[in-house]
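One structure below.
Index from 1, following the sequence.
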Amino acid sequence: MGDRLLPDITLALMLLVFSSVVLGQKAFVSREPFVLEFPGISGIRFTKPTVRLSSLDLPSLKFHILEPFADKIKYGDIIVTLNGDGINTQCRKSRDAEGKVVLCLRRVAGRLGGYEPAAGKNILEIKATDDQGNEYYASYIIILGDKNAGGDSLNWINGKADRKCPARRAQFLIAANNIF
């Protein structure tokens, strides 16, 4: 029985090693580190692949690379593309309490870099590689000018987002809170 078990264990170990590194390439681990935001347009933080916005304009794109992933990823190993074009040269990379922040700005006439979104559908991609060579990847389909995009803007009450409360009611609640 011991003679039969040894080849089975050897085969299992070989399959495990071979499956983790196929032809010297590592697979993308996940989109988990990334959160997408649109400052000035939406208070929503996006993690799902499809983003519908009623706005026709994107003045800026903001990614968070969350901890614990951010500590293992160098700024130079973060690549952002929109519709296949690299937009890193107009992206500012910094850090906050949640991890690393990548803020990308629109193209400015006469300058290299930046982005120019297309009307309708846009494909935004972000890729990062950590110190161990693990690759993280997320792609987003951003649909601009979508009339069915509800909830682009949120009402803020006492520092919290409220999707159900209309703006006038929000102002009333804030005023009422200040009175009592």
Cluster companions of Ile141 among Ile, Leu, Val, Met, Phe, Trp, Tyr (side-chain spacing under 4.5 Å):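 Other cluster members: Ile123, Ile143.
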
Co-membership, hydrophobic cluster, residues Ile142 and Ile44, 4.5 Å side-chain: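 Linked within one cluster.
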
Shared hydrophobic cluster, Ile41 / Val51 (ILVMFWY, side-chain heavy atoms < 4.5 Å):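 Shared cluster, yes.
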
Nearest-0.5 Å distance that lies between atom [atom1] in [X] and atom [atom2] in [Y]:
X	Y	atom1	atom2	result
Leu36	Ser42	CG	OG	9.5 Å
Asn83	Asn122	CG	CG	4.5 Å
Ile65	Ile78	CD1	CD1	3.5 Å

Arg52 with Asp146: basic N within carboxylate O range, under 4.0 Å: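 Yes, this pair counts.
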
Note, [X] side chain near [Y] side chain (heavy atom, < 4.5 Å):
X	Y	result
Leu61	Leu124	yes
Asp71	Arg95	yes
Lys127	Phe34	no
Tyr140	Pro49	no
Ile87	Arg107	no
Cys91	Thr89	no
Tyr137	Arg31	no
Leu58	Leu53	yes

Whether over 12 other heavy atoms sit under 6.0 Å from Glu32 CD: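 Incorrect, the count does not exceed 12.
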
NZ/Lys72: more than 12 non-hydrogen atoms of other groups inside 6.0 Å: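 It does not: Lys72 NZ has 12 such atoms or fewer within range.
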
Any pair counted as salt bridge (Lys or Arg N to Asp or Glu O under 4.0 Å), so long as it reaches residues 74-87, sequence neighbours left out: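 Those involving residues 74-87 are Lys74-Asp131.
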
Distance-minimising heavy-atom pair for Leu144 and Pro117: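 In terms of heavy atoms, the two residues are closest at CD1-CB, 3.9 Å.
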
Smallest separation among heavy atoms of Tyr136 and Pro33, with atom names: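 So the minimum-distance heavy-atom pair works out to CD2-CG, 3.6 Å.
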
From CA spacing to verdict: side chain to side chain contact (heavy atoms under 4.5 Å, CB included), Thr129, Asn134: CA-CA 6 Å; Thr129 306; Asn134 296 314; over 6 Å; no

Working for side chain to side chain contact (heavy atoms under 4.5 Å, CB included), residues Phe63 and Val35: CA-CA 6 Å; Phe63 279 102; Val35 175; over 6 Å; no

Going by atom type alone, with no hydrogens or angles, which donor-acceptor pairs under 3.5 Å involve a side-chain atom of residues 96-105 and a protein atom two or more places apart or on another chain?
from, atom 1, to, atom 2, distance (Å)
Asp96, OD1, Glu98, N, 2.9
Asp96, OD1, Gly99, N, 3.2
Asp96, OD2, His64, NE2, 2.7
Glu98, OE1, Arg45, NH1, 3.2
Glu98, OE1, Arg45, NH2, 3.4
Glu98, OE1, His64, NE2, 3.3
Glu98, OE2, Arg45, NH1, 3.1
Glu98, OE2, Arg45, NH2, 3.1
Lys100, NZ, Ala70, O, 2.5
Lys100, NZ, Ile73, O, 2.6

Polar side-chain atom of Tyr115 near backbone of Ser60 as donor-acceptor pair, under 3.5 Å: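 Checking the backbone N and O of Ser60 against the side chain of Tyr115, a donor-acceptor pair under 3.5 Å is found.
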
is_close_aromatic(Phe46, Phe38), centroid dist under 6.0 Å: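 Yes - the distance between ring centres of Phe46 and Phe38 falls below the 6.0 Å cut-off.
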
Pair Thr81-Glu125, side-chain hydrogen bond (donor to acceptor under 3.5 Å, both in side chains): steps then yes or no: CA-CA 5 Å; Thr81 63; Glu125 297 173 288; 3.2 Å; yes

